[in-house]
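Sequence lines set the chain letters: A, B, ... in the order given, protein chains first and strands last, and positions in each chain run from 1. These numbers were taken from a predicted model, which means no experiment stands behind them.
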2 protein chains.
Amino acid sequence: MTTEEKILLAAKKSFFEKGYDGAKMQDIANDAGINKAMLHYYFRSKELLYEKVNMSFAKVIIPQINSLVDTELNIFQTIENFVEIYLEFLQKNPDLPSYFIGEMNRNHDMFFKVLSENATQPNFVAFAQKIYSAIEQKEIRPVNPIQLILNIISLCIFPYLAAPMLQYATQSDDTFIGEIIANRKKEITSFILHSLTNQNDVLYEN
Amino acid sequence: MTTEEKILLAAKKSFFEKGYDGAKMQDIANDAGINKAMLHYYFRSKELLYEKVNMSFAKVIIPQINSLVDTELNIFQTIENFVEIYLEFLQKNPDLPSYFIGEMNRNHDMFFKVLSENATQPNFVAFAQKIYSAIEQKEIRPVNPIQLILNIISLCIFPYLAAPMLQYATQSDDTFIGEIIANRKKEITSFILHSLTNQNDVLYEN
DNA sequence: AAACGGTTTAACCAAATGGTTAACAAATAT
DNA sequence: ATATTTGTTAACCATTTGGTTAAACCGTTT
């Protein structure tokens, strides 16, 4: 592994764990097993290093998230597919959501700078289209597509954000939380599809 | 307003905006319009100040969240009620979720220390019970109560966490996002109740 | 083997940061 | 009125932190 790679790896770890402010250059150098001056030799400043770190994994991650809906599947398969790929991705990157949320709120400008330089926009339009026509075909009940997409993503991501809280609230061990997360795919899909295929008016709704 | 109150207010603002590491004692003092030494005079250290700040609003907020299910309502009303109160609370404290998530993940130990010293556990058991009996009465389809509660909370909180992202993804203005959030109550309630009252097997589910 | 380029290090620097101190002002008690 | 406690300030201190520098190292070229 080259020095540059060692730095990026250690830096990513530090920024993930502690955020931009909490991460210290000396710690990153120690963790990479090199002299602190190397950080500046390769990346000039903490800010540039932070940018490079985010760039390097944004390039890998964003396309994965965005290429979810370009399929020939019907609405039900599309949703199932979306949930499955999303959750698989999250299982591989369980600490990504809290990093994203944290940095997005605390470090707004740089976050969106990095995002805009890498992001092919997610193909939500195609997804929304598919929802529209499914409603027209009466395959699903009428819903606002944006709200539906927001619902789906909420159900997928939130448990990863709230995992420590969930553990605290249920006062249980890791195993139990792991089980909940493992069952999530089935639960979410079922939850959504039940909701969408129920054409009846619902009691107590206003 | 006493000096102590001025400090707590400025400190809360700083910690909320920048997190523990990002917040600086000098900034807090400036913002409160007092000398930096006062911070230490009243609160001894940054860590103690942070703890006090969190304590002071945890005391107010936690009971609000926890006292949601002690009612004589049926399952549908309970869920509607829960969503309504939850969303109302969030509308009043829109930046609380990202602060919570951020500090919970970065400052794990202190977060739960503060929580455990204040928390009357939320009454999820009562909620789960109500879900159980509703299933027995065949008022709703069979679901895992914990998963259902997790779903409900996900749907309520996540949009607040993702608001900047949502704005970016939809490339729209504040008004549009505000509209989405405003429609959330109806959307979430409808989404959940449709899902729960659909007793049919669902297509494409495995 | 001497010169050269990129790489790496130890030592150093200035600014920022959390925290302290000693003197001073303003209440409060005697 | 005066002593005493409480509140407040400016100046100061030690450490941390991001960043720099000059010298050393090392493989390659000449």
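The stretch residues 40-50 of chain B touches DNA chain C through B/His40, B/Ser45, B/Lys46, each having a heavy atom under 4.0 angstrom from the strand. In the region residues 5-39 of chain B, proximity to DNA chain D at under 4.0 angstrom, judged on heavy atoms, holds for B/Asn35, B/Ala37, B/Met38.
Listed by first and then second residue, the salt bridge (Lys or Arg N to Asp or Glu O under 4.0 Å) pairs involving residues 48-62 of chain B are B/Glu51-B/Lys113 (not counting sequence neighbours). The salt bridge (Lys or Arg N to Asp or Glu O under 4.0 Å) pairs that include a residue from residues 81-110 of chain A are A/Glu84-A/Lys185, A/Glu103-B/Arg106, A/Arg106-B/Glu103, where partners are two or more places apart or lie in different chains.
When DNA chain D is scanned in the 5' to 3' direction for atoms under 4.0 Å from non-hydrogen atoms of chain A, the outermost contacting nucleotides are D/dT17 to D/dT21.
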Under 3.5 Å, side-chain donor or acceptor atoms of residues 22-42 of chain B against the rest of the protein: list the pairs with distances, not counting sequence neighbours.
{"unit_1": "B/Lys24", "atom_1": "NZ", "unit_2": "B/Asp21", "atom_2": "O", "d": "2.9"}
{"unit_1": "B/Asn35", "atom_1": "OD1", "unit_2": "B/Ala37", "atom_2": "N", "d": "2.7"}

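For A/Ser195, the side chain to side chain donor-acceptor pair (under 3.5 Å) criterion is met by A/Arg141, not counting sequence neighbours. Every residue two or more places apart in sequence or in another chain that forms a ring-ring contact (aromatic ring centres under 6.0 Å, His included) with A/Phe112 is listed here: A/His108, B/Tyr168. Legend: residues meeting ring-ring contact (aromatic ring centres under 6.0 Å, His included) with A/Phe191, ordered by chain and number and at least two apart, are B/Phe191. With sequence neighbours excluded, the residues that form a ring-ring contact (aromatic ring centres under 6.0 Å, His included) with A/Phe16 are A/Phe57, A/Tyr99. Scanning for side chain to side chain donor-acceptor pair (under 3.5 Å) contacts around B/Ser45 gives an empty result, with sequence neighbours left out. Partners of A/Arg184 according to the side chain to side chain donor-acceptor pair (under 3.5 Å) rule, which considers only residues two or more places apart in sequence or in another chain, are B/Gln147, B/Asn151.
By the 4.5 Å heavy-atom criterion applied to side chains, A/Tyr160 and A/Leu166 are not counted as neighbours.
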